[in-house]
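This report concerns only the one structure given below.
Quick note: residue numbers are just sequence positions, from 1. Atoms within each ligand, like the ligands themselves, are counted from 1 in listed order.
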Amino acid sequence: MRIARTIAELSEMRREAILELLMDRPGRPIIGLVPTMGALHAGHASLMQRMNDECQVRIASIFVNPLQFGTGEDLDTYPRPIEADLDLCRSFDLDVVFVPGAAEIYPPAFATSVSVPTLAGMLEGAVRPGHFDGVATVVTKLLALAAPERAYFGEKDYQQLCIVRRLTADLGLHTSIVACPTVREADGLALSSRNAYLTPHQRGVAVRLHACLSAMAEEFARGQHDTQLLISHGASLLRGWEEDDFELDYLVVADPHTLAVRDTARRGDRVLIGAKLGTTRLIDNVELTS
Ligand code: PAF
């Protein structure tokens, strides 16, 4: 596995990986990318596994993107266990891991911003202004640099996934976006690098986000399609948590592509929740099936 710290190294190592492959096995290889901010966990591992199953040239990036953190957010304290992250990448035998510094991605003259305003201002974007413009900008740059045929994103960050799909379609980028299911702890808590911030007590509170979403999905499966009733049912499971410093920011049933909120839920819609527990942001979502 090669580690690229500059854009020039990434491009050279990407080319070398393709050439080595062509010597053994002629035919156009599929290039894959797993973009990450590090602090890798089993959710990221599932993206790498899927990339390994589908691609011949496997690239991951580890970059804590300053543009997607707002003032007062956790940019400085975001976990950066780089050696453990590289070990995980090695265990997947990736071809290249791109670990750029901020000045490599955003040199002083950098002046471009990518925005998907219809999707970026709502839900998580309403609570974290500018967050999704930062995500859209860095993802566009990473897709341009690695030029993958496939890029792998977790459904856990569902709004991010919708934005990345929209921008690749709108800009005509030659990358298919592959959505991978959320990986959960045995009790349902969605894996997140930020779970490391939770105290044992908060961990017990956080798991109930999933309990709320599951209860709503079960009600839907039992035939309740009125979203207000579904939401009241889910929200009733969150009541009383204020004592634990828990603030619910949104709980909605939305169209799975545009994220427009629904009055009447349909199969395939997404239930999304966003909350703050102490100083930690928690998000989760589920699909409404049958
Ligand atoms: O999901 C993440 O880890 C980040 O938002 C991403 C897509 C790597 C962009 O920085």
Side-chain angles (χ1 to χ4, degrees), residues 4 7 10 32-48 50-51 58-70 73-82 84-86 88-89 94 96-106 110 112-116 119-120 123-125 127-146 148 150-168 171 173 175-183 190-197 272 274 280-285:
I7 292 170
L10 170 67
L33 173 70
V34 173
T36 81
M37 295 209 302
L40 303 177
H41 50 65
H44 298 107
S46 76
L47 305 182
M48 290 179 189
R50 179 89 181 261
M51 171 167 74
R58 289 89 31 90
I59 305 176
S61 62
I62 299 177
F63 177 60
V64 182
N65 173 32
L67 273 197
Q68 68 188 77
F69 289 79
E73 289 190 355
D74 55 345
L75 173 62
D76 292 340
T77 51
Y78 197 84
R80 290 166 170 86
I82 188 66
D85 287 349
L86 291 175
L88 185 88
C89 295
L94 301 187
V96 185
V97 182
F98 182 39
V99 192
E104 187 70 13
I105 297 294
Y106 304 122
F110 190 91
T112 298
S113 179
V114 180
S115 184
V116 186
L119 288 163
L123 306 176
E124 202 57 19
V127 189
R128 304 183 67 191
H131 167 68
F132 287 118
D133 291 355
V135 171
T137 303
V138 81
V139 168
T140 305
K141 182 146 192 181
L142 291 170
L143 294 181
L145 295 173
R150 296 186 191 167
Y152 296 80
F153 290 83
E155 287 184 340
K156 154 88 179 6
D157 294 295
Y158 195 79
Q159 190 172 358
Q160 165 174 286
L161 175 65
C162 293
I163 287 171
V164 170
R165 279 186 168 142
R166 189 70 267 148
L167 78 85
T168 46
L171 299 178
L173 304 184
T175 301
S176 304
I177 302 304
V178 183
C180 302
T182 303
V183 177
L191 294 194
S192 160
S193 305
R194 289 193 168 95
N195 288 353
Y197 299 149
L272 297 108
T280 306
R281 278 214 68 69
L282 299 173
I283 56 171
D284 201 353
N285 69 88

Tell me which part of Leu142 gets within contact of ligand 1: side chain, backbone, both or neither, using heavy atoms under 4.0 Å.
-> neither
Against heavy atoms of Pro35, which atoms of ligand 1 measure under 4.0 Å?
-> 8 (C)
Carboxylate-amine/guanidinium proximity below 4.0 Å for Asp74 and Arg281 = no
Counting each atom of ligand 1 from 1 as listed, which ones have a heavy atom of Thr36 under 4.0 Å away?
-> 8 (C)
Which atoms of ligand 1 have any heavy atom of Val138 under 4.0 Å away?
-> 9 (C), 10 (O)
Give, for atom OG1 of Thr137 and atom CD of Gln68, the distance between the pair rounded to the nearest 0.5 Å.
-> 10.0 Å
Could you tell me whether a side-chain N or O of Thr175 sits under 3.5 Å from a main-chain N or O of Ala151, the two making a donor and an acceptor?
-> no
Judging by distance only, is a nitrogen or oxygen of Gln68 under 3.5 angstrom from one on ligand 1?
-> yes
Parallel under 30°, tilted from 30 to 60°, perpendicular over 60°: which one fits the rings of His44 and His41?
-> tilted
Under the ring pair (Phe, Tyr, Trp, His ring centres under 6.0 Å) test, which residues partner Phe69, sequence neighbours left out?
-> Tyr78
Do ligand 1 and Gln160 have nitrogen or oxygen atoms that lie under 3.5 Å from each other?
-> yes
